[in-house]
Amino acid sequence: MIQPDKIIKSVHMTEKSNAQSSEMGQYTFQVFKTASKGSIKAAIEKTFDVSVARVNVINQLGKPSRNRKTGKTSVGSGFKKAIVTLKQGDSIDFTA
């Protein structure tokens with residue numbers, strides 16, 4: 001049995017993802033690094049009761065930063081992002 005809370009971390013809301021959701025029916029989620037496309041698809045379908053057409057996965061690298069005092073550089077933590085395309089007629093309402 002798939003537990004969606006072990007796969008989906010949160011909804012990734014940006015200007016680009018908002019435009020994609022309204023125009024193309026694509027929604028962006030932050031997921032755990034161990035999640036696969038199949039498990040992401042099953043978790044989205046179970047959680048939001050929609051039909052998923054396709055799942056694209058992107059491993060985002062952390063942003064480099066520099067300490068102003070010491071000059072040492074470091075890299076922030078990255079995350080895994082899933083762009084989920086829904087079938088025609090389906091949509092997810094996050095306000096409810």
Side-chain angles (χ1 to χ4, degrees):
M1 183 59 91
I2 293 176
Q3 297 176 344
D5 61 329
K6 303 289 186 208
I7 296 170
I8 303 169
K9 280 186 181 178
S10 64
V11 178
H12 190 71
M13 298 295 271
T14 61
E15 290 181 21
K16 184 178 179 179
S17 66
N18 287 339
Q20 284 179 330
S21 65
S22 63
E23 294 171 7
M24 296 183 277
Q26 294 180 336
Y27 297 88
T28 307
F29 298 92
Q30 282 189 9
V31 296
F32 286 96
K33 292 193 182 237
T34 58
S36 65
K37 287 184 178 186
S39 62
I40 293 168
K41 178 179 178 179
I44 296 295
E45 287 178 343
K46 183 177 179 182
T47 304
F48 297 107
D49 194 31
V50 293
S51 298
V52 175
R54 145 180 138 175
V55 177
N56 294 8
V57 177
I58 302 166
N59 286 313
Q60 285 288 134
L61 296 176
K63 291 186 177 180
S65 62
R66 187 177 61 85
N67 188 319
R68 293 174 71 173
K69 271 188 176 176
T70 61
K72 292 184 179 180
T73 59
S74 63
V75 178
S77 62
F79 60 94
K80 191 170 192 175
K81 179 168 69 171
I83 301 173
V84 178
T85 305
L86 302 181
K87 291 187 178 174
Q88 283 294 80
D90 284 348
S91 65
I92 298 174
D93 185 20
F94 295 116
T95 60

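Quick note: residue numbers are just sequence positions, from 1.
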Donor-acceptor pair, [X] side chain versus [Y] backbone, under 3.5 Å?
X     : Y     : result
Ser21 : Asn18 : yes
Glu45 : Val52 : yes
Lys46 : Pro4  : no
Asp90 : Ser51 : yes
Ser22 : Ala19 : yes
Tyr27 : Ile92 : yes
Thr28 : Ile83 : no
Thr47 : Ala43 : yes

### Same cluster (ILVMFWY, side-chain, under 4.5 Å), Ile44 and Met13
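Yes.
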### Query
Linking I/L/V/M/F/W/Y whenever their side-chain heavy atoms sit closer than 4.5 Å, directly or via other members, would Phe79 and Val11 fall into one cluster?
no
What's the shortest heavy-atom distance between [X] and [Y], and which atoms?
X     : Y     : value
Ser91 : Leu86 : CA-CD1, 3.9 Å
Val75 : Gly62 : CG1-O, 3.5 Å
Ala35 : Lys80 : O-NZ, 2.7 Å

Quick check for you: to the nearest 0.5 Å, what is the distance between [X] atom [atom1] and [Y] atom [atom2]?
X     : Y     : atom1 : atom2 : result
Ser74 : Arg66 : OG    : CZ    : 11.0 Å
Asn67 : Lys72 : CG    : NZ    : 8.5 Å
Gln30 : Ile8  : CD    : CD1   : 12.0 Å
Gln60 : His12 : CD    : NE2   : 6.5 Å
Asn56 : Lys37 : CG    : NZ    : 5.5 Å
Arg54 : Gln26 : CZ    : CD    : 6.5 Å

#### Entry: Cation-aromatic face contact Lys9/Phe32, 6.0 Å, 45 degrees
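Judged by the rule, Lys9 and Phe32 form a cation-pi pair.
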### Query
Does the side chain of Val55 come within less than 4.5 Å of Val57's, by heavy atoms?
yes
### Message
If you count heavy atoms of other groups shown closer than 6.0 angstrom to CG of Asp5, is the number above 12?
### Response
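Check passes, neighbour count above 12.
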### Task
Anything under 30° is parallel, anything over 60° is perpendicular, the rest tilted; go ahead and classify Phe94 against Phe29.
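Perpendicular.
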